[in-house]
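Here's the structure we're looking at; comments come further down.
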Amino acid sequence: MTLRCNNIGFYYNHDQWIFRGVNFGIKRGEIVGISGYSGCGKTSLSKILSNFQQPCEGEVLIDGKLISLKGFQKVQLIYQHPEKSMNPKWKMKEILNESYSPDQDLLDTFGIKQEWMNRWPIELSGGELQRFSIVRALNPLTEYIIADEMTTMLDGITQAYIWKQLLSIVKKRNLGLIVISHEKELLKKICDRIYLMEKGRLNIIPPPKDCLKVS
Ligand SMILES: Nc1ncnc2c1ncn2[C@@H]1O[C@H](COP(=O)(O)OP(=O)(O)OP(=O)(O)O)[C@@H](O)[C@H]1O
């Protein structure tokens with residue numbers, strides 16, 4: 001029950017490595033944070049872990065097997081900008097039901113209103129759209145979620161609401177959760193451990209002695 005990457009290296013332009021030698025693992029039921037300066041490669045790593053992007057070297061394994069490009073992807077990515085991952089020519093009900101049909105309980109948990117279903121993505125706010133992208137990622141077959149700056153563009157109250165709902169489902173379904181964020185306080189509050197991406201490497205940050213995880 002582990003998502004693992006071994007010696008991952010990645011560049012966009014030949015030999016201009018963004019990062020190299022990245023070793024990382026998360027078990028189901030764990031919450032792991034990744035922080036780092038803007039442009040250090042956090043989103044690139046999240047795309048590799050969720051199989052949107054192939055690494056230039058190294059491998060990504062789930063339960064010891066290479067992740068497959070075929071079939072349902074057990075690692076689901078939630079982006080900072082939900083509109084970028086949605087087809088603007090589809091109505092919200094089509095976007096929501098593309099990979100599975102979420103039940104009413106899940107829609108209620110994230111406050112998704114029936115009246116939004118017939119709208120186009122452009123007709124919803126960023127916070128409303130983000131609720132759809134979270135529910136879409138919560139397919140019953142999902143095992144790991146990567147939340148890449150998921151609530152950065154939302155107001156504080158909506159942020160708190162969305163995190164509360166997601167963390168409760170993550171716990172209930174025993175999902176592994178990778179939280180990519182610049183918000184150190186958020187990471188300290190919810191994560192079992194935190195990594196810092198820096199100078200092309202991913203290093204674990206030792207927790208302070210008085211660190212208490214809030215669940
Ligand atoms: N498609 C691309 N082609 C070329 N370079 C890219 C591409 N996408 C990203 N980059 C570059 O790769 C580097 C890492 O980008 P990435 O988005 O992974 O960083 P990040 O740590 O997630 O940044 P942020 O915290 O600002 O979101 C950046 O220098 C970026 O300009």
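What you see below is based on every heavy atom in this structure, not just the backbone, and it leaves out hydrogens, waters and symmetry mates. In this chain, numbering begins with 1 at the start of the sequence shown. Whatever order the structure lists ligands and atoms in, that order sets their numbers, starting from 1.
Distance alone, capped at 3.5 Å, places no donor-acceptor pair between the Tyr79 side chain and the Thr43 backbone. Judged purely by atom type and a 3.5 angstrom limit, Thr151 has no side-chain atom pairing as donor or acceptor with the backbone of Leu154.
Between Ile31 and Leu167, some side-chain heavy-atom pair lies under the 4.5 Å cut-off.
Among residues two or more places apart in sequence or in another chain, the ring-ring contact (aromatic ring centres under 6.0 Å, His included) test is passed with Trp90 by none. Remark: Lys74 engages Glu143 in a salt bridge (Lys or Arg N to Asp or Glu O under 4.0 Å) (not counting sequence neighbours).
The immediate protein surroundings of ligand 1, defined as residues with any heavy atom under 4.0 Å of it, consist of Tyr12, Ile18, Tyr37, Ser38, Gly39, Cys40, Gly41, Lys42, Thr43, Ser44, His182.
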Throw together a table of side-chain donor-acceptor distances under 3.5 angstrom for residues 175-185, partners on residues two or more places apart or in other chains.
unit_1	atom_1	unit_2	atom_2	d
Ser181	OG	Glu183	N	2.9
His182	ND1	Gly36	O	3.4
His182	NE2	Glu149	OE2	3.3
Glu185	OE2	Lys188	NZ	3.3

